[in-house]
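Since the structure comes first, as structure tokens, the remarks are kept for the end.
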2 protein chains.
Amino acid sequence: MRNKEREELVGIKEIARRANVSIGTVDRAIHNRPGVAKKTREHVLQIVSELDYQPNLLAQRLATRKTLRIATLIPIGSAETSFWQAPLQGIEQARTELSQHGIVIDPYFYDQDSIGSFVEKTGIILQSEPDGILLAPSFIEESVSFSRTCKRLNIPYVLIDSDLPNNESLNYTGPDLFDSGYLSAHLASYLVQPEDKILIVNISREIDGHHHLLKKEDGFRTYFDKQQTAPAIRKIDIRKTDVESIDNCLSEEFRDTTGIKVVFVTNSRVSTVARYLEKTEKKVLLIGYDYIAENLAYLKKGMIDFLICQKPVEQAYRGIIALYQYLAYGIVPPPKEFMPIDIVTRTNFHVYRN
Amino acid sequence: MRNKEREELVGIKEIARRANVSIGTVDRAIHNRPGVAKKTREHVLQIVSELDYQPNLLAQRLATRKTLRIATLIPIGSAETSFWQAPLQGIEQARTELSQHGIVIDPYFYDQDSIGSFVEKTGIILQSEPDGILLAPSFIEESVSFSRTCKRLNIPYVLIDSDLPNNESLNYTGPDLFDSGYLSAHLASYLVQPEDKILIVNISREIDGHHHLLKKEDGFRTYFDKQQTAPAIRKIDIRKTDVESIDNCLSEEFRDTTGIKVVFVTNSRVSTVARYLEKTEKKVLLIGYDYIAENLAYLKKGMIDFLICQKPVEQAYRGIIALYQYLAYGIVPPPKEFMPIDIVTRTNFHVYRN
DNA sequence: TAAATTTACGGGTACGTACACGATGTATTT
DNA sequence: AAATACATCGTGTACGTACCCGTAAATTTA
């Protein structure tokens, strides 16, 4: 560690010297605060651009003793799926890092099965008057309504996990659902012969609202629509998510249809399908979603062949960082930030970063 | 943006007040600099731990006007492969971010085909007395020798891309080559029938020294060794890297061997194989390495099916960050940081982050 | 034209830490 | 007992920026 070999870093002081004004005036000019003559301001800004002045962010944040408060609203991890632990982890990570920079993050949670809880929490958040909001929307209409309110109150918000129609958020960081379905079909295409059949399985209480699944299915089908020869594709919607109902629906399907070679489950509930296939000793290839404990168990056993993952931890982390950068430095993020579509198998899950 | 609601952040000043000493003494005690009575020091440290004092990193780096200098040494991007542009990009990214924190990064390059250039550059680097070094080793012996010198001079160094035997570096950030070969075999296993044959292709001037390739091949074979039924595996080593030589070698192989269904190329030169296969209109599945322009072109066309990628940009970026954290804050990184093994196809490359 | 007001600008202090220097006190030497 | 050495500690300044406050100059009003 050797001492500074100062490369004459220009600061506000040097600018003041060159412009023959005080540093106070330079400060006002740069932040175009009132109280500086037009001519003086132009002169100062002239020098600022000449010297390509870059403010020292350290000193800046040290001097502005502002505390930015960011509220996050995501579903709470349920017993049925541990998926939402991942985004929460990303939030915690951002919280730890940013606490050094005077950022406070307040996490809020809603019940994915209760619209009321969602509306309730949005009210509480608005009351706390945060400087920015990160939202993982589930209920389309209510979320759109909430986002309008944020817009009106001039509170910037970012979305993760799922985008909203006609969205005007500062940023969306999440998957392109269509593409992930498309990729799944591409993978499936390697696994089937023309005479084989493919089964798409949607498992969700409300498949209409959750257009998640439909977009993935659409992507999946679109891939095969483009091929000249395509296997037969069947699909079932399972609207009761308990084990027994799922077993029944699958049993029925496998009784009626022979030659199913690949099963594509459009969300993280793939483990329940794996459970069924294991129990009934069916030899089919299985593709599903999300790096969660339940699924990994079956991935290791070889019951699940491919998991499509979209870095939920990083989604939340990046969302907050984008918000932070905007609030603290005025950096406007790109409106859409699509996450990579990762393929996780039993031979690479051990080094996967969720 | 609302004003600070100071949550009485404890600083060195508050500690000084409580301990009835000056902030100067607290400073000495914390950094255990000399000049503090044993009793006083203990008292101060007592209070420090009671208050769970966390130094303000902003103020710290603002006050210590040290400039840390990090030298990086990687191969220069050659006409034959653009691979090394990626790590360089990671270096540049780190450089941009860290310039705010008083870190200077000096990139050096060597010619991957010239041991002399490597040795020469290591000499220049040592002469510049950097505070830390990031190295992408190619020549095993010379690199080991260089690392010993660093050790002796007490200059911390980190490795990327490829580890060294008996390595004592501060950190290695890169792929686990064996695992990546193993994964490739797993993918290949979905693509073949028992009667099919698999061809492994090593393309490199010095396959002995470049044990890269051998480790991957080892991982690949190991996978099939564990299976009860395995396809026949053939392999060829191509030691001349010009187009003509590669064409000849491949022609010979495909003339002598029928039923080759999958070709596994153990490095980024897979595009040259794709070129051959395209020209000769062979219908085989192709697996190779690295997200580089040459390969992407064939990926899009469907001539390459899978590319295994290991985030070279991030490797370099993380390596430098690890070095920075160590030099600036004394944070010791984990010795090995294995990168994820990513599977890139023509349906997900557009959102891949190299 | 003098007084009142507004506008423009400089000076000073604070943020939290590091470090040089100087001022104490205590122990050792002559 | 005085002189010296040394250990211990406090003070002051600096890092680069923000922001408050006071004052001088320019402008308007009486």
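All chains are named by letter (A, B, ...) in the order of the sequence lines, taking the proteins before the strands, and each is independently numbered beginning at 1. Computed from a predicted model, the values in this text were never measured in an experiment.
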Original post:
Can you tell me if the side-chain N/O atoms of A:S22 get under 4.0 Å from OP1 or OP2 in C:dC9?
Top reply: no
Original post:
Is atom CD of A:E168 surrounded by more than 12 heavy atoms (other residues, nucleotides or ligands) closer than 6.0 Å?
Top reply: no
Original post:
Should the heavy atoms of other residues, nucleotides or ligands under 6.0 Å from CZ of A:R353 be counted, would the total exceed 12?
Top reply: yes
Original post:
Quick one: A:N32 CG to D:dA18 P, roughly how many Å, whole number?
Top reply: 12 Å
Subject >> Whichever of B:G24 and B:L62 has its nearest DNA chain C nucleotide further upstream toward 5' >> reply: B:L62
Original post:
Rounded to the Å, how far apart are A:I15 CD1 and D:dA18 P?
Top reply: 11 Å
Original post:
Given atom CD1 of B:I30 and atom P of C:dA18, what is their separation to the nearest angstrom?
Top reply: 7 Å
Original post:
B:N56 has a side chain; which of C:dT17, D:dT17, C:dA18 sits nearest to it?
Top reply: C:dT17
**OP:** Determine the sole option in A:Q310, A:K311, A:R318 for which the side chain to side chain donor-acceptor pair (under 3.5 Å) test with A:E314 is passed.
**Re:** A:R318
Original post:
Nearest to the side chain of A:R28 - D:dC20, C:dC19, C:dG16?
Top reply: D:dC20
Original post:
What's the CD-P distance between B:E14 and C:dT17, to the nearest Å?
Top reply: 11 Å
Subject >> Rounded interatomic separation in angstrom, taking NZ from A:K39 and C1' from C:dC9 >> reply: 14 Å
Original post:
OP1, OP2 of C:dC15 versus side-chain N and O of B:K13: anything below 4.0 Å?
Top reply: yes
Original post:
What nucleotide, of C:dC9, D:dC19, D:dC9, holds the atom closest to the side chain of A:V36?
Top reply: C:dC9
**OP:** Measure from the side chain of A:I23, starting at C-beta and using heavy atoms only, and say which of D:dG10, C:dG12, C:dG10 lies closest.
**Re:** C:dG12
**OP:** For A:R33, report the nucleic acid contact type (base, sugar-phosphate, nothing); a contact means any heavy atom under 4.0 Å.
**Re:** sugar-phosphate
Subject >> Cationic N near anionic O, under 4.0 Å, A:E42 to A:K39 >> reply: no
Original post:
How would you label the contact of A:P55 with the nucleic acid (heavy atoms, under 4.0 Å): base, sugar-phosphate, or nothing?
Top reply: sugar-phosphate
**OP:** Go through C:dA18, D:dG16, C:dG10 for me and flag the one nearest to the A:V21 side chain.
**Re:** C:dG10
**OP:** Between B:T40 and A:I12, name the one whose nearest nucleotide on DNA chain D is closer to the 5' end.
**Re:** B:T40
Original post:
Could you give the CZ-to-P distance, from B:R41 to D:dT8, as a whole number of Å?
Top reply: 9 Å
Subject >> Shortest side-chain distance from B:Q60, nucleotide among C:dC9, D:dG16, C:dA18 >> reply: C:dA18
Subject >> Nearest-Å distance for atom pair NZ/P, residues A:K38 and C:dT6 >> reply: 23 Å
Original post:
With side chains defined as the heavy atoms from C-beta onward, is the minimum distance between A:K336 and A:N167 less than 4.5 Å?
Top reply: yes
Original post:
What integer distance in Å separates A:D27:CG from C:dA8:P?
Top reply: 16 Å
